[in-house]
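So that the names make sense, note that chain A is the first sequence line, chain B the second, and so on, each numbered from 1.
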Protein chains: 2
Amino acid sequence: MPSTASPVSPPAPVIRVLPAPADLPEPLPEPAVRDLRLETVLGALSDPLRLRIVRKLLLESEHFDHSCGWFGLDRPKSSLTHHFKALREAGVTRQRQYGLERRSHVRVADLDARFPGLVELVAAWEPAED
Amino acid sequence: MPSTASPVSPPAPVIRVLPAPADLPEPLPEPAVRDLRLETVLGALSDPLRLRIVRKLLLESEHFDHSCGWFGLDRPKSSLTHHFKALREAGVTRQRQYGLERRSHVRVADLDARFPGLVELVAAWEPAED
DNA sequence: TGCTATGTTCGAGAAAACTCGTACTGCACT
DNA sequence: AGTGCAGTACGAGTTTTCTCGAACATAGCA
């Protein structure tokens with residue numbers, strides 16, 4: 001980071017702009033909680049790759065959003081965009097733009113409110129082996 | 001219950017073949033409990049019509065199987081066959097042949113064993129109004 | 001300025017699902 | 001035998017979804 005312009009000593013009391021809860025980027029368009037539809041959510045979760053994404057978010061990230069690359073999915077970028085968009089538009093995940101990265105997390109509270117037990121189901125899922 | 005063996009009047013001790021738990025018709029082919037896959041089950045449930053079928057079975061029939069006609073679905077017969085088959089092949093319902101009728105019920109115990117909470121989710125579903 | 005990294009949009013081909021008409025099976029009843 | 005009923009099987013048309021290449025956009029950085 002460039003200095004604020006302090007020629008001499010410890011400069012101005014620079015406010016450290018961490019990604020604090022207050023000034024997160026706006027979430028991308030998503031359905032409101034009351035518009036969540038069970039059939040749509042189940043449809044979004046009926047794909048193994050998307051199930052894997054959501055489960056990984058649930059199990060391996062409590063507090064952070066994660067960009068596409070974090071998942072280590074071996075698919076072309078446009079495929080990933082497709083699936084992340086499907087999850088977001090169904091209301092399963094929320095996405096925010098951090099600079100270039102678009103990070104996702106699961107809307108756990110919203111899903112719990114509307115479909116109690118669903119999140120646990122996904123977290124407990126075990127992918128087909130082979 | 002009929003008498004055990006009355007010597008004189010009532011002729012042969014005819015065994016009343018009611019659809020008792022013991023001699024139900026064999027279920028149609030279906031996946032075993034251990035082969036139930038969450039992604040498949042969710043896929044089967046991601047259709048509003050099928051969700052309606054399963055929910056109605058859960059809410060309005062505790063103890064009986066129901067034939068296709070019972071649901072009062074306004075669709076051609078071949079469409080219904082398609083959806084009932086989808087549910088059965090995903091492992092959501094069990095179907096038995098009673099003479100001409102093919103009756104369905106939800107595999108509640110099996111689903112509970114593999115995907116606890118899922119059945120409640122479907123029972124609580126409310127179809128989109130319009 | 002140009003390179004790299006992250007991710008989007010568009011579009012097309014392939015695969016799967018849905019819808020439903022038509023023809024068929026099998027039982028029951030007169 | 002003939003009719004009606006419950007439901008299946010097949011096949012075609014339509015729609016949706018999946019998959020992924022190609023081209024584009026933008027931020028950071030040398």
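Note: CG (B:Leu73) to P (C:dC18) measures 15 Å, nearest angstrom. Across the protein-nucleic acid pair, A:Arg96 atom CZ and C:dG7 atom P stand 16 Å apart, rounded to whole Å. Rounded to whole Å, atom C1' of D:dT19 lies 16 Å from atom CZ of A:Phe84. Atom CZ of B:Arg75 and atom P of C:dT19 are 5 Å apart (whole Å). The CG-P distance, from A:Leu80 to C:dT6, rounds to 12 Å in whole Å. Atom-to-atom, CZ of A:Arg88 to P of C:dT8 comes out at 8 Å; the value is rounded to the nearest Å. Residue B:Asp74 contributes atom CG, which lies 13 Å from atom P of C:dT19 at whole-angstrom precision. Following rounding to the nearest Å, B:Glu39 (CD) and D:dC18 (C1') show an atom-to-atom distance of 16 Å.
Few gaps surround NZ on A:Lys56; more than 12 heavy atoms of other groups in view lie less than 6.0 Å from it.
Taking the side chain of B:Pro76 as heavy atoms from C-beta on, and the options C:dC20, D:dC20, D:dC18, the nearest nucleotide is C:dC20. Side-chain atoms of A:Lys77 lie closest to C:dT6 of the nucleotides C:dT6, D:dT8, D:dA9. The nucleotide whose nearest atom lies closest to any side-chain atom of B:Glu101 is, among D:dA6, C:dC20, C:dC10, D:dA6. Checked against C:dT6, C:dT19, D:dC18, the side chain of B:His82 finds its nearest nucleotide in C:dT19.
Neither OP1 nor OP2 of C:dT6 sits under 4.0 Å from any side-chain N or O of A:Arg102. Taking only side-chain nitrogens and oxygens, A:His83 never comes nearer than 4.0 Å to OP1 or OP2 of D:dT17. Close to D:dG7, at under 4.0 Å from its OP1 or OP2, lies no side-chain N or O of B:Arg103. Proximity of B:Ser78 to the phosphate of C:dG21: no side-chain N or O atom is located under 4.0 Å from OP1 or OP2.
Not a single donor-acceptor pair, N or O on each side, falls under 3.5 Å between the base of C:dG7 and the side chain of A:Thr81.
Of the charged side-chain nitrogens involved, at least one lies within less than 4.0 Å of a carboxylate oxygen, so that A:Arg94 and A:Asp110 count as a salt-bridged pair.
Side-chain N or O atoms of B:Arg114 include one that pairs as donor or acceptor with a backbone N or O of B:Arg34 at under 3.5 Å.
Taken to the nearest 0.5 Å, the CZ atom of A:Phe84 stands 6.0 Å off from the CG atom of A:Leu80.
Remark: the B:Arg102 side chain and the B:Gln95 side chain contain no N/O donor-acceptor pair separated by less than 3.5 Å.
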